[in-house]
Amino acid sequence: MFSAILKRIAPIPKLDSFERYLFIGPHPDDIEVSCAPSVRKLTQAGKHVSFLILTDGCMGAIDPKLFGDELVQIRQAESLASAKLLGVTDVTFLPFHDGGMYRMEDAACEVARQIVRLKPDVVFAPDPNVISECHIDHIKTGLAVKMSMNMAPFESVMKSIGFEGSHAVKALAFYYTDKPNAYLGVKNTFSARAEALACHKSQFDEKAIADISMYFKLRSIRLGLRKWMGLADGYRALSATHMHCFPEASEWVR
């Protein structure tokens with residue numbers, strides 16, 4: 001009963017009820033892998049969507065001879081093309097190198113600056129608390145975003161890192177999560193994932209795209225059944241109230 005009362009007082013955010021969205025990716029393809037159907041759903045509804053890419057993606061490609069600055073340029077071009085296909089024209093690339101050899105605190109400061117600049121209602125980021133996740137860029141990106149939630153709302157904190165202004169987001173939504181509690185129906189936009197990944201030719205061949213699409217088809221069916229909405233993308237959503245001194249929100253799944 002206690003949990004039910006708290007949920008009524010501080011409900012899980014309804015993710016499609018806002019106007020401005022910021023999707024943050026560890027690499028130039030992660031937003032598309034996990035969220036492309038949701039992104040297209042939002043842009044088709046007239047929402048403002050921005051992408052923020054934390055690392056330059058310089059460390060990996062299908063062709064093992066392709067890396068470094070040449071790969072960075074290719075991946076940024078691929079990212080811009082896939083974003084445009086999804087209806088997103090606002091894409092920002094941060095200067096951190098792929099591979100996790102940067103301070104999480106530095107990443108958090110830069111994310112906070114971008115949140116103040118872009119003023120999103122909702123921020124999407126990879127869930128850093130999934131036990132099975134081993135990719136350091138995914139973990140650091142998620143942790144940096146969590147840390148930024150307690151930086152961007154406070155003008156004094158932002159001044160301490162050399163930036164003017166402040167902005168408090170209304171919701172934080174984690175993708176690549178094992179504990180979704182908020183869902184977006186994507187039956188009509190599910191094909192956006194394969195279409196967007198086809199833009200990332202340095203990363204995915206046709207078989208990889210087919211395998212990823214099949215995995216997410218099965219996942220989307222399973223998640224959609226929970227809310228009787230057909231195919232669904234699932235996220236771990238927190239309101240501003242949940243993000244500090246509210247441990248019960250950690251238990252609210254499904």
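All values derive from a computational prediction rather than experimental measurement.
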Give a yes or no on whether the ring-centroid distance for [X] and [Y] is below 6.0 angstrom.
X	Y	answer
His27	His135	yes
His97	Tyr102	no
Tyr183	Tyr235	no

Check: [Y] and [X] side chains under 4.5 Å, non-hydrogen atoms:
X	Y	result
Ser202	Glu78	yes
Met243	Asn150	no
Phe190	Lys217	yes
Asp56	Pro95	no
Val33	Tyr175	no
Ile115	Met149	yes
Leu197	Ile212	yes

Please determine which of Phe51, Phe174, Phe23 meets the ring pair (Phe, Tyr, Trp, His ring centres under 6.0 Å) test together with Phe124.
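So, applying the ring pair (Phe, Tyr, Trp, His ring centres under 6.0 Å) to Phe124 and each of Phe51, Phe174, Phe23, only Phe23 qualifies.
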
Donor-acceptor pair, distance only, cut-off 3.5 Å: does the side chain of [X] make one with the backbone of [Y]?
X	Y	result
Ser213	Ile209	yes
Gln76	Phe93	no
Lys119	Val116	yes
Arg75	Ala61	no
Ser148	Val111	no

If you round to the nearest 0.5 Å, how far is [atom2] of [Y] from [atom1] of [X]?
X	Y	atom1	atom2	answer
Cys58	Leu66	SG	CG	11.0 Å
Ile161	Glu105	CD1	CD	12.0 Å
Met158	Glu164	CE	CD	9.5 Å
Phe96	Lys140	CZ	NZ	10.0 Å
Asp30	Ile24	CG	CD1	12.5 Å
Leu94	Asp106	CG	CG	11.5 Å

Do you reckon [X] sits in the same ILVMFWY cluster as [Y], going by side-chain contacts under 4.5 Å, direct or chained?
X	Y	value
Leu42	Ile53	yes
Met229	Leu223	yes
Leu80	Leu54	no
Met104	Val157	yes
Val123	Leu143	no

Apply side chain to side chain contact (heavy atoms under 4.5 Å, CB included) to Val88 and Ile31, showing your working.
CA-CA 12 Å; Val88 176; Ile31 296 169; over 6 Å; no

Under the criterion side chain to side chain contact (heavy atoms under 4.5 Å, CB included), I'd like the reasoning laid out for Phe154 against Ser166: C-alpha separation, chi angles, the key distance, then a yes or no.
CA-CA 6 Å; Phe154 302 105; Ser166 63; 5.9 Å; no

If you apply the rule side chain to side chain contact (heavy atoms under 4.5 Å, CB included), what do you find for Asp137 with Asp98, and how did you get there?
CA-CA 7 Å; Asp137 286 320; Asp98 192 0; 2.8 Å; yes

Might you confirm whether atom CZ of Phe18 has over 12 heavy atoms from other residues, nucleotides or ligands at distances under 6.0 Å?
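Above 12, so yes.
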
Is Asp63 atom CG crowded by more than 12 heavy atoms from other residues, nucleotides or ligands, each under 6.0 Å away?
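Counting neighbours around CG of Asp63, more than 12 heavy atoms of other residues, nucleotides or ligands fall under 6.0 Å, so yes.
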
Polar side chain donor-acceptor pair, [X] to [Y], under 3.5 angstrom:
X	Y	result
Ser239	His242	yes
Arg117	Thr92	yes
Glu19	His48	no
Lys146	Asn129	yes

Regarding Asp178 and Arg236, does a basic nitrogen lie under 4.0 Å from an acidic carboxylate oxygen?
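No, this pair does not count.
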
Heavy-atom closest contact ([X] atom, [Y] atom, distance):
X	Y	answer
Ser82	Ala196	CB-O, 3.6 Å
Arg219	Gly234	NH2-O, 4.2 Å
Met151	Ala112	CB-CB, 4.0 Å
Pro120	Leu22	CB-CB, 3.7 Å
Val122	Leu15	CG1-CD2, 4.3 Å
Ala36	Leu86	O-CD2, 3.9 Å

Candidates Arg193, Arg40, Lys187 - the one meeting salt bridge (charged side-chain N to carboxylate O under 4.0 Å, His left out) with Asp233:
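Of the listed residues Arg193, Arg40, Lys187, the salt bridge (charged side-chain N to carboxylate O under 4.0 Å, His left out) partner of Asp233 is Arg193.
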
Please walk me through it: do Val91 and Ser50 pass side chain to side chain contact (heavy atoms under 4.5 Å, CB included)?
CA-CA 6 Å; Val91 182; Ser50 300; over 6 Å; no

I'd like to know whether Lys170 forms a salt bridge (Lys or Arg N to Asp or Glu O under 4.0 Å) with Asp121, so could you lay out the CA-CA distance, the side-chain angles of the two residues, the decisive distance to 0.1 Å, and finally the verdict.
CA-CA 5 Å; Lys170 298 174 182 177; Asp121 297 317; 3.7 Å; yes

Derivation and outcome, side chain to side chain donor-acceptor pair (under 3.5 Å), residues Gln44 and Thr189
CA-CA 9 Å; Gln44 286 183 348; Thr189 58; 6.0 Å; no

